[in-house]
Amino acid sequence: MLHIDWLREGITERTRKRFGICYSYRKKRIVIPIYHWATKELVGFNMRTTVPNYEEFDIPKYWITPTYQKLTNLYVLAQNYDSIVSKKTVTVFEGEKSTLKRFSLMDDTCVSLQGKTMSDEQARILIGLNAEIVLALDKDVDVNEIRFICEKF
């Protein structure tokens, strides 16, 4: 099932089903499966804590599969590839949640970097889509980092 906090933020049950999002009561974490953009194979999980004041308990906000190579992948490109290619546009978000919220608004032309930086491999993947690329990073990302990302294109 979908965690109530994400439901309140606008992430729908349709989105949960499409991307396989679930909740671990034992770990108190939202579980986000990650698929390889080209092979569509499950390559890891990102788990986000739902514990309030997690910093005070020395609990990490995220736990990602240690062997997952996020710099060589784009979150949900495996699922959104056909739509991105046919509509010739892709919006690149920083985190998974933004991508899931956008999909809940019926937009399946977005992906996530799963971080504030873009690797050369991620840029190569995006260029290969032959689509307009729109960066939509969080407001705390430094303008110099955005310039650095733009130079990759």
Side-chain angles (χ1 to χ4, degrees), residues 1-87 89-119 121-126 128-129 131 133-142 145-146 149:
M1 70 175 19
L2 190 60
H3 190 270
I4 189 68
D5 289 349
W6 279 23
L7 186 64
R8 288 180 181 141
E9 287 192 54
I11 297 173
T12 63
E13 177 64 14
R14 172 183 159 272
T15 301
R16 185 202 66 77
K17 286 181 182 177
R18 164 89 179 222
F19 300 107
I21 309 300
C22 59
Y23 183 71
S24 170
Y25 288 101
R26 190 170 69 94
K27 298 277 187 185
K28 295 187 182 345
R29 288 188 175 274
I30 298 167
V31 180
I32 306 165
I34 305 166
Y35 297 89
H36 188 269
W37 74 273
T39 66
K40 298 184 171 75
E41 292 178 24
L42 181 66
V43 291
F45 295 92
N46 196 358
M47 295 191 281
R48 182 182 170 126
T49 188
T50 58
V51 175
N53 305 320
Y54 57 89
E55 302 100 339
E56 295 175 19
F57 300 107
D58 205 24
I59 297 171
K61 184 175 183 178
Y62 294 100
W63 185 91
I64 197 161
T65 303
T67 57
Y68 172 59
Q69 302 289 318
K70 74 178 181 177
L71 296 178
T72 62
N73 199 32
L74 291 163
Y75 177 68
V76 303
L77 182 54
Q79 294 93 334
N80 290 349
Y81 181 86
D82 291 338
S83 181
I84 289 167
V85 170
S86 71
K87 295 176 183 173
T89 185
V90 59
T91 301
V92 181
F93 291 108
E94 182 178 323
E96 297 98 336
K97 190 165 67 165
S98 297
T99 305
L100 299 170
K101 288 168 93 171
R102 187 75 166 259
F103 185 83
S104 294
L105 295 171
M106 309 303 280
D107 182 351
D108 56 357
T109 61
C110 47
V111 297
S112 167
L113 296 173
Q114 297 182 290
K116 295 181 185 308
T117 61
M118 180 183 293
S119 71
E121 179 65 11
Q122 288 171 319
R124 184 192 67 76
I125 294 165
L126 288 166
L129 296 173
I133 300 167
V134 178
L135 293 178
L137 304 180
D138 293 356
K139 63 182 174 182
D140 67 338
V141 177
D142 185 71
E145 182 61 34
I146 294 170
I149 290 170

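Bear in mind that the values here come from a model prediction, so they are computed numbers and not experimental data.
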Of all the heavy-atom pairs spanning [X] and [Y], show the shortest one and how long it is.
X	Y	value
Gln122	Asn73	NE2-O, 2.9 Å
Leu2	Arg16	N-CD, 3.5 Å
Pro33	Phe45	CA-CD2, 3.7 Å
Tyr54	Pro60	CD1-C, 4.4 Å
Ser83	Ser86	O-OG, 3.2 Å
Ala78	Tyr35	CB-CB, 4.1 Å

Please report the interatomic distance [atom1]([X]) to [atom2]([Y]), rounded to the nearest 0.5 Å.
X	Y	atom1	atom2	answer
Ile21	Ile11	CD1	CD1	7.5 Å
Leu100	Phe93	CG	CZ	10.5 Å
Lys87	Asn80	NZ	CG	9.0 Å
Ile133	Thr91	CD1	OG1	10.5 Å
Glu145	Leu135	CD	CG	10.5 Å
Thr49	Arg29	OG1	CZ	4.5 Å

Stepwise side chain to side chain contact (heavy atoms under 4.5 Å, CB included) check, Val111 with Ile84: CA-CA 9 Å; Val111 297; Ile84 289 167; 3.9 Å; yes
Residue pair [X] / [Y], side-chain heavy-atom distance below 4.5 Å:
X	Y	result
Leu113	Tyr75	no
Val76	Trp37	no
Met47	Lys27	no
Val134	Val90	no
Val92	Met118	yes

For [Y], does its backbone N or O pair with a side-chain atom of [X] as donor and acceptor, under 3.5 Å?
X	Y	value
Gln114	Leu71	no
Ser112	Glu94	yes
Thr65	Gly44	no
Glu56	Asn53	no

What I want to find out is whether Lys116 reaches Asp140 closely enough, with some N-O distance under 4.0 Å, to be called a salt bridge. yes
Hey, mind stepping through Asn46 and Tyr68 against side chain to side chain donor-acceptor pair (under 3.5 Å) and telling me if it holds? CA-CA 9 Å; Asn46 196 358; Tyr68 172 59; over 6 Å; no
Would you please test Arg102 and Thr99 for side chain to side chain contact (heavy atoms under 4.5 Å, CB included) and show each step? CA-CA 5 Å; Arg102 187 75 166 259; Thr99 305; 5.8 Å; no
Have Thr15 and Ser104 got a donor and an acceptor in their side chains that come within less than 3.5 Å? yes
Please test Ile125 against Leu74 for side chain to side chain contact (heavy atoms under 4.5 Å, CB included), starting from the C-alpha separation and ending with a verdict. CA-CA 8 Å; Ile125 294 165; Leu74 291 163; 3.7 Å; yes
Please enumerate all residues that pass side chain to side chain donor-acceptor pair (under 3.5 Å) together with Glu121, with sequence neighbours excluded. Arg124
How would you list, by chain and number, every residue that makes a side chain to side chain donor-acceptor pair (under 3.5 Å) with Tyr23, sequence neighbours excluded? Thr50
Any idea how Phe103 and Phe19 line up, ring-wise: parallel (<30°), tilted (30 to 60°), or perpendicular (>60°)? perpendicular
Over 12 non-hydrogen atoms of neighbours within 6.0 angstrom of NZ in Lys97: yes
Using side chain to side chain contact (heavy atoms under 4.5 Å, CB included), reason through Met106 and Arg14 one step at a time and then give a plain yes or no. CA-CA 10 Å; Met106 309 303 280; Arg14 172 183 159 272; 3.6 Å; yes
